[in-house]
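By convention here, the first residue in the shown sequence is residue 1. Heavy atoms only: backbone and side chains are in, while hydrogens, waters and symmetry mates are out.
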Amino acid sequence: MSTGPSLSRRSSLADYISAIPRPRLASLRSRKSTASLHVDPYTPYAVYQQKMFPAILRDADATQILLETILDMPQGRRSLSRLARTCKAFKEPALNLLWRDLDSLTPLLGLFPSTILRRARRPGLGLTKPPEKQDWARVLAYGERVRSIAYVESSGNIHPSILPLLDEHKPVRYLLPNLTALTWKAESAATLERCRMFLGPRVKAVTLEVGSRSPKLNDLLEEIASHRGLTAFAFTLHTNLPDDFTERFAHNAALEKVALTAPGALAAKVGKWASALPELKTFAVDLSARTTTAVEGFFEDISVGSGYSTPSSVGGTDSGVFSADDVDFSEARKAAVRLTRDGPRQGAFAKLNNLTLTGDAANLATFLRHLTSPLVQLDLVMEDPPSPLDWHEVCTVICEHFSDTLQSLRINATSASRFGELVRATSRGGDLPMRELPLTYFSALPRLWRLEIDLPESVIFKEQDIAHVARICPNIEILRLCPFARFPVTGPPPPLTLESIVPLTRDCRRLHTLGVVVNAAELESDEVYETRVVCSRSLLRLHLGHSWVKNPLQSAVLLSHLAPYLETLKYFNEKNRAGIVEANALAWQRVAEFLPHIQHIRLAERKLQPPPAPYVPPPKADKGVDATVSTSEMGVSAHPEVAEFAVQAEPELVEFGVQSVPETSEVSIDATPVFVEVEIMAVPDVCEQGIDAVPETEEKGTEPMSVALSDTASESSDEGGRPENSIPAISMFIPSVATGVANLTYRVVRFYTAPIRFMFSFMPAMPLSLARFSSTHASSTYELKYAPEQEKRTSEPSSPSTSQPAHHTNGSAVVATESEPINPVCQ
């Protein structure tokens, strides 16, 4: 009897191709003999135009599916590149698939000539000189095939000098004209600006991560928002979100995927903008390091009609009345929401079906409580370990709001929680504490087909959790419950055993992938072998991680009974995981060796068993039943029995006195001020200083000018009506400087002699002889001091008989008489 091919593996593509029947060609000798018998000189032209077009290439979609399947296989890119070099018919489709998605710029840099690369095998090290126009030919040709590209500056595989060279010497504006998805993670502002040469007109998805705030970030966001066909945008910023972020992307109504990880992403205007996107289907937001109030503020400005911002809503932020009061009803509203479940209703996030949240369990529950969208996939990045109450709240909200639509649920740990695990794994900090994560808080999830939980500390699951999951998720297909958890040898073993997965193989008929850590100990009883109901036809992949095992043969027999069609059995060994237990790794290796043979024997034995009896439906017959309801009236006299019951309650009184006398103390303080006599000698400093106030004079000689006076009155009248006995003013003969000095001296004398003159004003008039003497003396003072070579002329005193009264003009000035000569120089 032929046993057929082995069931432990699938047939490869080469086996399928080799199995295709090929027509046998005649030998060369027979072909020559045939040609000699039938000579036909005419050869159709179509023979020279024949090309190899396999039947699969006639359908482009089938070809694409085949090539993508090859690409997903181990070393698929190498196989696809060999296929492109082997067959011209596969060349173009294979090259398009190979260059469609690039995770680095290195393949593009390798297209430059090796003469301008520093190292041809490592293009990321840089260029020796700027590329010229002919050097861009291959880059531009293959660049048209690229649809998605990623650049991560922190990886360090691209030298910082390459991007400026490409940007400055590029022959076209956009290097990749057909690019539709761009992932750019920059740490510096200069690198952030270089992404503009990839923002072509066909870009529809942008993933932007900025390490530091750039002054030109707003301009870059404006350019990204200018792509009206943008369908996906993920933005990660370590500083505050720009204030005008929502205004810039207000017109991008085609957005289907949005991810925001930045301080300020929970602002009310961001929530209003996101909820108003008509085509939004995937949304991701970071709730880490935020309060519950901040999470609730995300839904404050949702438009009216969503059921949240109306005053009558229990979950709203305003009661509608007494809004000016200072009383805070937030806690009362939270309690009312928990009791009545009157949260937001239809209108906000109407088409949202994929949601990713990051934060602690309390914030996750608060955010989910405000949503009623038909979620299909929910990814929770949670801080581990969560609080039991918060975890219970998360499970309750998920089952109450999304039980009818949820199909995929993945729960992972945040990077901060992973950091503790990494520190303990790379140091001698010891093993991580392990906690239980109960799954019994979940209720019915009939549509769920994927459940994955991967946490560093909450790794303990019990048998009732597995049984509960099998009961509430009958359509589960992929189940992973912390398959990477490692239980220390010095501690207790994993609580689950191989027998614990029996509810999954019995009730979940679609389960094909299972990942869990078990303790494959000795079986307590052989009851599991008594029935074939526990056998799973669908379970194909089993990942056991750091599971424990004692008896490899018994474990292999049990696995062959529970999963007779199991194809892949994974476990950790010393080659792929550090910190393993060598004894367990060797035991699971023996299990993997035993399992295919035991499966083959078990399936062969089942074929020898008689087939089960065909199902015969029970006989059916039509029968009528009178379903008339008979009613009857009946009265019941209900008299309550009343009983009086009295209880005497006398309180016991106890008198207790306490004498409280305060303790007092007297303290006297001498408050007499202390006086100190201090003498200070204060003698002012006197300083005498003399100032020389003698004006500077200058001696200068001038020629005397004689003035002739006429004795007759007629001559004086002819002079122009000048008064009699008048002489010219003395100031016209005195220099200006000397006049100023004389005037100053005169004013000083007048000032200091004012009291004396005031006293003399009360004395009798001066005798006539003395007045004449003073006038004579005054007239004689005008002498020539600056002409020493001349003789001084002194006027003789006039006799009293011939003297005439003096004429005074301009104060006390004395006017000379006609007989007196005039001296033009002052003495």
Any F487 side-chain heavy atom under 4.5 Å of N519 side chain: no

D384 side chain vs E457 backbone, donor-acceptor pair below 3.5 Å: yes

Result of checking D360, V394, L437 against P386 for side-chain contact (heavy atoms from CB on, under 4.5 Å): L437

Nearest heavy atoms of A585 and Y571, plus distance in Å: O-CE1, 3.8 Å

Which atom of F594 lies closest to which atom of A556, heavy atoms considered: CB-CB, 3.8 Å

Straight-line distance of L260 CG to L266 CG, nearest 0.5 Å: 9.5 Å

Partners meeting side-chain contact (heavy atoms from CB on, under 4.5 Å) with R537 (sequence neighbours left out): Y565

Contact check, side chains of L287 and L364, non-hydrogen atoms, under 4.5 Å: yes

Heavy-atom side-chain proximity of Q589 to L586 below 4.5 angstrom: yes

Donor-acceptor contacts under 3.5 Å from residues 65-73 side chains, at least two apart:
unit_1	atom_1	unit_2	atom_2	d
E68	OE2	Q64	NE2	3.3
E68	OE2	R100	NH1	3.3
T69	OG1	I65	O	2.7

Over 12 foreign heavy atoms within 6.0 Å of CZ, R506: yes

Rounded distance (nearest 0.5 Å) linking atom CG of L378 with atom CD1 of I411: 8.0 Å

Distance (rounded to the nearest 0.5 Å) between W588 CH2 and L595 CG: 10.0 Å

Step-by-step side chain to side chain contact (heavy atoms under 4.5 Å, CB included) determination, S373 to N353: CA-CA 7 Å; S373 305; N353 55 23; over 6 Å; no

Residue list, salt bridge (charged side-chain N to carboxylate O under 4.0 Å, His left out) with E436, at least two apart or on another chain: K462

Interatomic distance, D390 atom CG to E393 atom CD [nearest 0.5 angstrom]: 8.0 Å

Beyond-backbone contact of N157 with S104, side-chain heavy atoms, under 4.5 angstrom: yes

Expected output: side-chain T236 to main-chain T261 donor-acceptor under 3.5 Å: no

Side-chain donor/acceptor of W391 to backbone N/O of P438, under 3.5 Å: yes

From CZ (F572) to NE2 (H543), nearest 0.5 Å: 4.0 Å

Closest non-hydrogen atom pair, A563 against L539: CB-CD2, 3.8 Å

Any donor-acceptor N/O pair, S458 side chain to L455 backbone, under 3.5 Å: no

Plane angle bin for F367 and F283 - parallel if under 30°, tilted between 30 and 60°, otherwise perpendicular: parallel

Any donor-acceptor N/O pair, T282 side chain to K257 backbone, under 3.5 Å: no

Point-to-point distance, once rounded to the nearest 0.5 Å, from CD1 of I601 to CD of Q599: 11.0 Å

Shortest non-hydrogen separation from L562 to L498 and the atoms involved: CD1-O, 3.8 Å

Min side-chain heavy-atom separation N475-W449 under 4.5 Å: no

Student check: side-chain heavy atoms of R509 and S538 closer than 4.5 Å: no

Test log, rule side chain to side chain contact (heavy atoms under 4.5 Å, CB included), inputs R77 and L98: CA-CA 7 Å; R77 301 187 69 87; L98 281 173; 4.2 Å; yes

Under-4.0 Å salt bridge between D454 and R418: yes

K281 to L352 - nearest heavy-atom pair and separation: O-CD1, 3.4 Å

More than 12 heavy atoms from other groups under 6.0 Å of CZ on R450: yes

Pairs touching residues 470-481 that satisfy salt bridge (Lys or Arg N to Asp or Glu O under 4.0 Å), sequence neighbours left out: E452-R480

Partner set under salt bridge (charged side-chain N to carboxylate O under 4.0 Å, His left out) for E463, not counting sequence neighbours: none

Ring geometry between F349 and F299 (parallel below 30°, tilted from 30 to 60°, perpendicular above 60°): perpendicular

Where at least one partner belongs to residues 508-530, residue pairs that pass ring pair (Phe, Tyr, Trp, His ring centres under 6.0 Å), sequence neighbours excluded: Y529-H561

L368/H401 under side chain to side chain contact (heavy atoms under 4.5 Å, CB included): CA gap, chis, key distance, verdict: CA-CA 8 Å; L368 293 174; H401 287 210; over 6 Å; no

Side chain to side chain contact (heavy atoms under 4.5 Å, CB included) between L540 and T568, worked out: CA-CA 6 Å; L540 302 177; T568 304; over 6 Å; no

Residue pair V502 / V528, side-chain heavy-atom distance below 4.5 Å: yes

Shortest non-hydrogen separation from L406 to V376 and the atoms involved: CD1-O, 3.6 Å

Min side-chain heavy-atom separation T366-H370 under 4.5 Å: yes

Flag if over 12 foreign heavy atoms under 6.0 Å of CD, E582: no

